[in-house]
Amino acid sequence: MRVKAVIFDFSGTLFRCEDTRSWLRGALAEAGIDAPDAEITGYAERLRVSGGQPGGHADFAVPEHLTSLWRRRDLTAADHRAAYTALIRLAGLPWPGLDEILYDRHRLPQAWRRYPDTLAVLEVLAEHGIPVAVLSNIGWDLRPVFEYHGMAHLVASYVLSFEVGMQKPDPRIFRLACDLLGEDPRDVLMVGDNLVADGGATEIGCSFRAVGHLAVSERPRALLDAVRHLRWENSLASAAAAGLDGAHAA
Ligand SMILES: [Mg+2]
């Protein structure tokens, strides 16, 4: 496969949100509320079932009255907050105002964990002169996450749905990302954890590799595996395989 640039999804691909108990525990600490472990565990499970944690588990049902808001949640910051705080409230937490505190916490760089091979894959691509874009359906600015984790210098462009008023799998948003990278879509690889949203890149001719929406501890090198068989279109092409398997074998 010939590739001159790579687009990565954010949540569930390069980063994963903290687990739901850690999220709830952090918000309670922020609010100055003490709660016993058993209570935190119980309400974390209710939050998991309600789908209130952005980037969390995907196996939940959005109730009828929220479906319209849910569909457009990534198009504006206000709708993103409204959709997720509504889902958080479905969990019936006993702490007034914690819905907003939980929402705010999920946007903190400290609330995001990078996968074990996130830095390695971005460094390998940089070493081979392959520019990277991050393309996310999201309602807030994720650039500080990359800055906090020391990876901002490895990302050439960000395309965020709420900033551009489009969301994956709209072909126009993939085309925008390719344009920013300065490459023809046929020379661009999309890597993501959502077969529909991220896989939509194939509509404009990009290639696509899927990674699993797993906990960071359960996915040690899916990102490296996604790029290991690429044929790099630059002067270092012949070193690609060695670079992947040699420099980052540890
Ligand atoms: Mg994702």
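Indexing begins at 1, ligand by ligand and atom by atom, following the structure's order. Just so you know, these numbers use all the heavy atoms, side chains as well, and skip hydrogens, waters and symmetry mates.
Ser50 and Arg46 are not linked by any side-chain donor-acceptor pair at a separation below 3.5 angstrom, with hydrogens and angles left out of the test. Side chains of Arg21 and Thr41: a donor-acceptor N/O pair is present below 3.5 angstrom, by distance only.
Atom OD2 is the N, O or S atom of Asp9 at the shortest distance from the Mg ion (ligand 1). Taking the Mg ion (ligand 1) as reference, the nearest N/O/S atom within Asp193 carries the name OD1.
Residue contact annotation: Ser136 places no N/O/S atom under 2.8 Å from the Mg ion (ligand 1). At a threshold of 2.8 Å, the Mg ion (ligand 1) has no backbone or side-chain N, O or S atom of Asp198 nearer than that distance.
Electrostatic pairing of Arg221 and Asp117 does not count as a salt bridge here, judged by no charged N lying under 4.0 Å from a carboxylate O.
Of the listed residues (Asp9, Asp193, Asp74), just one forms a salt bridge (charged side-chain N to carboxylate O under 4.0 Å, His left out) with Lys168, and that residue is Asp9.
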